[in-house]
There are 4 protein chains.
Amino acid sequence: MGRKSIREQRRKEILEALYRCLLRKPYSETSIKDIGMEAGINHAMLHYYFRSKEDILLCFIDSISERYSALFRHDLKKIERKDLTRREILKHVFHFMNTHITTDKKLQTIFVEIWGIAIYKPAVHARVKKMYSEWIRELAGFMKPSNGAAADIDSLAMAVVAFQEGVGLFSVSFDLKKKDTMALMEAFQEKILEMLE
Amino acid sequence: MGRKSIREQRRKEILEALYRCLLRKPYSETSIKDIGMEAGINHAMLHYYFRSKEDILLCFIDSISERYSALFRHDLKKIERKDLTRREILKHVFHFMNTHITTDKKLQTIFVEIWGIAIYKPAVHARVKKMYSEWIRELAGFMKPSNGAAADIDSLAMAVVAFQEGVGLFSVSFDLKKKDTMALMEAFQEKILEMLE
Amino acid sequence: MGRKSIREQRRKEILEALYRCLLRKPYSETSIKDIGMEAGINHAMLHYYFRSKEDILLCFIDSISERYSALFRHDLKKIERKDLTRREILKHVFHFMNTHITTDKKLQTIFVEIWGIAIYKPAVHARVKKMYSEWIRELAGFMKPSNGAAADIDSLAMAVVAFQEGVGLFSVSFDLKKKDTMALMEAFQEKILEMLE
Amino acid sequence: MGRKSIREQRRKEILEALYRCLLRKPYSETSIKDIGMEAGINHAMLHYYFRSKEDILLCFIDSISERYSALFRHDLKKIERKDLTRREILKHVFHFMNTHITTDKKLQTIFVEIWGIAIYKPAVHARVKKMYSEWIRELAGFMKPSNGAAADIDSLAMAVVAFQEGVGLFSVSFDLKKKDTMALMEAFQEKILEMLE
DNA sequence: CATGAATGAGTTTTCATTCAT
DNA sequence: GATGAATGAAAACTCATTCAT
């Protein structure tokens with residue numbers, strides 16, 4: 001325990017190397033050799049640990065998806081005993097999204113790139129779609145009132161996530177200050193909370 | 001007049017060919033030869049009409065920017081004599097954005113791609129940023145009350161455009177129906193209008 | 001007339017370079033670069049003139065096929081006015097096969113190689129099969145008696161060609177002297193002629 | 001006795017794995033890993049049991065050669081007491097060749113491949129040549145009249161084997177029916193028998 | 001004996017760009 | 001203006017072989 005197999009360790013190192021590479025260059029200009037160099041691993045090994053360059057990207061998306069999923073579940077634990085109102089819980093969820101996802105410029109940079117790739121590569125598209133679907137579904141779960149179901153909550157949840165992504169895009173492109181990005185989102189989220197009452 | 005120089009005509013054809021190419025393949029996988037073939041022009045000529053492959057992309061972004069700018073100005077003419085309230089004008093502006101930009105899947109597809117390129121290529125980034133800045137500024141102009149200035153109107157305008165882009169992204173990725181995309185945006189825009197009152 | 005287009009000239013040079021390469025190394029160990037060097041042409045150009053490495057091989061087979069077909073038709077002209085008996089004509093045909101094909105060690109070397117490739121590559125297989133089918137059909141034409149048709153002439157023709165190929169194989173592998181190879185075939189062919197009477 | 005050393009057992013398994021691999025892919029496209037996987041043995045072990053990839057092929061040829069040699073000797077035992085004429089014995093020998101070798105499509109497939117390799121690899125060439133020499137010599141032994149020696153019997157034996165190989169080649173390439181292949185050979189062999197009388 | 005990891009050289013293929021005609 | 005030809009660099013991927021454990 002604690003000692004990971006070399007295989008898993010290397011795979012992880014490669015995925016982290018891809019992360020750092022994507023901060024500098026687009027995926028299409030990032031060669032297998034680049035990733036290998038960044039990871040300090042002979043480039044031929046990347047084909048030993050992964051099926052193909054695309055496979056690396058796919059696993060990378062999964063790893064990101066899992067990382068944030070775990071982070072979110074962990075974050076929820078902090079409030080699970082507190083007996084909060086739906087409004088309070090949602091504020092907490094929004095805050096998580098704002099601080100850990102949308103204002104993380106590195107993450108946003110990489111996701112703008114991945115969205116671009118997803119348009120043309122079906123496998124990537126599937127992964128990305130799945131990831132966002134889960135996010136939207138989860139968010140909708142927190143937004144739904146305990147008593148009855150509201151049909152348009154799903155659309156609302158999608159709107160919220162779409163907005164987050166739009167803001168993430170702009171925060172990267174316009175190099176917005178974290179404070180401003182937060183303000184932008186919080187104002188919008190406040191409106192959403194009102195709509196749910 | 002009316003007879004464009006052959007140079008301008010050819011340049012336009014090349015730009016339109018790039019548009020069609022980008023519907024099929026990412027920019028990085030679109031070769032100069034592909035664009036040439038699509039345009040029916042020998043690929044060596046593309047370097048005669050443009051400095052480089054990137055120059056084509058840059059001019060392409062400008063052309064899109066100008067096209068929609070012109071389209072918008074033309075659209076405004078329809079209502080310029082009608083003596084509408086700010087609310088009515090804004091609704092009109094939103095409607096233009098919704099129908100001509102955000103729900104145009106081809107356009108959105110290409111812009112998701114361009115956003116991705118813009119992260120890493122400064123020249124592309126500058127063009128894209130300029131284009132969105134103008135859009136935001138223009139929109140803010142319509143949102144500002146005639147009497148006084150509201151400092152946070154600029155943020156609000158950016159929020160609106162960010163939301164549009166987020167929705168555009170999702171409409172492409174989730175292949176949303178035009179009707180649903182419209183509904184998503186109109187609900188949000190209604191809130192914005194309320195906030196301005 | 002006489003001035004071939006560069007394209008055709010280059011394609012021919014490349015095919016001839018492949019011929020020389022195949023005398024030294026198997027196709028699988030002959031790289032595009034090797035062929036390019038042998039032809040004195042930058043290796044990237046080979047992909048300009050041909051679709052792929054396999055395409056070069058396919059065209060090569062066709063070129064061989066056409067060359068010998070033309071050579072054979074030309075050879076037949078020598079005897080077309082002479083009003084020979086079927087036996088005499090067949091002897092002439094056999095002689096052509098013996099001297100121009102089966103005892104040409106370079107050609108046989110290359111064809112042993114090509115037979116090997118044909119087993120696994122359907123496109124190559126199709127070309128080779130077509131070539132031999134035509135050869136067998138043509139030969140059967142000369143073997144058929146003018147008055148009536150003999151059903152098993154086709155099998156006999158195939159047997160003759162199979163024998164030629166077997167002898168070609170052995171002449172390469174055992175490095176047989178031309179004289180011996182000829183003797184082997186002529187004895188066999190004599191029997192065939194007897195069978196036809 | 002009966003219990004083969006593990007080394008010999010593993011070597012045999014590897015050789016059999018190569019046989020199955022060669023039914024699917026040419027030797028040049030068959031990797032050491034492929035053979036290992038097919039044999040259920042770690043690929044690094046193949047270098048423990050054999051010197052190199054080529055060594056495996058060489059041993060494979062030997063194993064085939066020995067297998068058929070043993071099979072043939074075993075087959076001859078069936079008739080050794082029967083006091084047959086030379087003609088009858090030869091018919092038996094031909095029948096063995098026809099049924100066990102030339103119409104065994106898998107075997108022929110592999111041998112077409114091996115012929116191809118033999119042209120360029122001296123070590124392989126030596127093995128193949130040795131194998132066929134033995135076959136021809138053995139066959140010549142059966143063809144020679146007991147009273148005197150006929151100088152050209154050796155050529156005749158080679159012609160017979162060459163014909164078999166030619167037919168084997170064609171039966172694979174033209175996917176001939178076993179029945180037709182048999183008929184082709186038997187007609188030819190009948191002529192040979194006549195020539196020997 | 002057995003295994004997974006590692007390496008370096010090699011493969012086919014693509015492409016932006018340039019140039020002679 | 002227009003074209004086909006040419007180039008050199010780079011890409012993803014494969015593999016026989018070796019080695020540490």
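Everything numeric in this text was worked out from a predicted model, so none of it was measured. Letters go in sequence order (proteins before strands), and every chain restarts at 1.
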Please list every donor-acceptor pair under 3.5 Å in which a side-chain atom of residues 115-127 of chain D meets a protein atom from a residue at least two apart or in another chain.
{"unit_1": "D:W115", "atom_1": "NE1", "unit_2": "D:Y132", "atom_2": "OH", "d": "3.3"}
{"unit_1": "D:W115", "atom_1": "NE1", "unit_2": "D:E165", "atom_2": "OE1", "d": "3.1"}
{"unit_1": "D:Y120", "atom_1": "OH", "unit_2": "C:L22", "atom_2": "O", "d": "2.5"}
{"unit_1": "D:K121", "atom_1": "NZ", "unit_2": "C:E29", "atom_2": "OE2", "d": "3.2"}
{"unit_1": "D:H125", "atom_1": "NE2", "unit_2": "C:S173", "atom_2": "O", "d": "2.7"}
{"unit_1": "D:R127", "atom_1": "NE", "unit_2": "D:D62", "atom_2": "OD1", "d": "2.9"}
{"unit_1": "D:R127", "atom_1": "NE", "unit_2": "D:D62", "atom_2": "OD2", "d": "2.8"}
{"unit_1": "D:R127", "atom_1": "NH2", "unit_2": "D:D62", "atom_2": "OD2", "d": "3.1"}

Output a table of donor-acceptor pairs, distance under 3.5 Å, between side-chain atoms of residues 49-58 of chain D and any protein atom two or more places apart or on a different chain; print 'none' if there are none.
{"unit_1": "D:S52", "atom_1": "OG", "unit_2": "D:E54", "atom_2": "N", "d": "3.4"}
{"unit_1": "D:S52", "atom_1": "OG", "unit_2": "D:D55", "atom_2": "N", "d": "3.2"}
{"unit_1": "D:K53", "atom_1": "NZ", "unit_2": "D:Y27", "atom_2": "O", "d": "3.0"}
{"unit_1": "D:K53", "atom_1": "NZ", "unit_2": "D:T30", "atom_2": "O", "d": "2.9"}
{"unit_1": "D:D55", "atom_1": "OD2", "unit_2": "D:R51", "atom_2": "N", "d": "2.9"}

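Take D:K25 and apply the side-chain hydrogen bond (donor to acceptor under 3.5 Å, both in side chains) test, not counting sequence neighbours, and it matches D:D34. Scanning for salt bridge (charged side-chain N to carboxylate O under 4.0 Å, His left out) contacts around C:K33 gives an empty result, with sequence neighbours left out. For C:K130, the side-chain hydrogen bond (donor to acceptor under 3.5 Å, both in side chains) criterion is met by no residue, not counting sequence neighbours. Looking at residues two or more places apart in sequence or on another chain, you find no salt bridge (charged side-chain N to carboxylate O under 4.0 Å, His left out) involving C:K106. Qualifying salt bridge (charged side-chain N to carboxylate O under 4.0 Å, His left out) partners for D:K129, counting only residues two or more places apart in sequence or in other chains: none. Residues satisfying the side-chain contact (heavy atoms from CB on, under 4.5 Å) test with C:R24, not counting sequence neighbours, are C:C21, C:E38. For C:E66, the side-chain hydrogen bond (donor to acceptor under 3.5 Å, both in side chains) test picks out no residue, with sequence neighbours left out.
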### Query
Which nucleotides of nucleotides 9-14 of chain F have their base under 4.0 Å from a protein heavy atom (B), which only their sugar-phosphate (S), and which neither (-), written as one string 5' to 3'?
B-SSBB
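Within the nucleic acid shown, B:Y49 comes within 4.0 Å of sugar-phosphate atoms alone, with no base atom in reach, counting heavy atoms only.
Comparing the same atom, C1', in F:dT21 and in E:dC1 gives a spacing of 13 Å after rounding to whole Å.
Helical stems of DNA chain E (runs of at least 3 Watson-Crick or G-U pairs, donor-acceptor distances under 3.5 Å) are listed by first residue: E:2-21 with F:2-21.
Here chain A contacts DNA chain E (any atom closer than 4.0 Å to a heavy atom, that is under 4.0 Å), and the contacts span E:dG4 to E:dA9 from 5' to 3'.
Of the two residues contacting DNA chain F, namely C:I41 and B:Y48, the nearest-nucleotide position lying further toward the 5' end is that of B:Y48.
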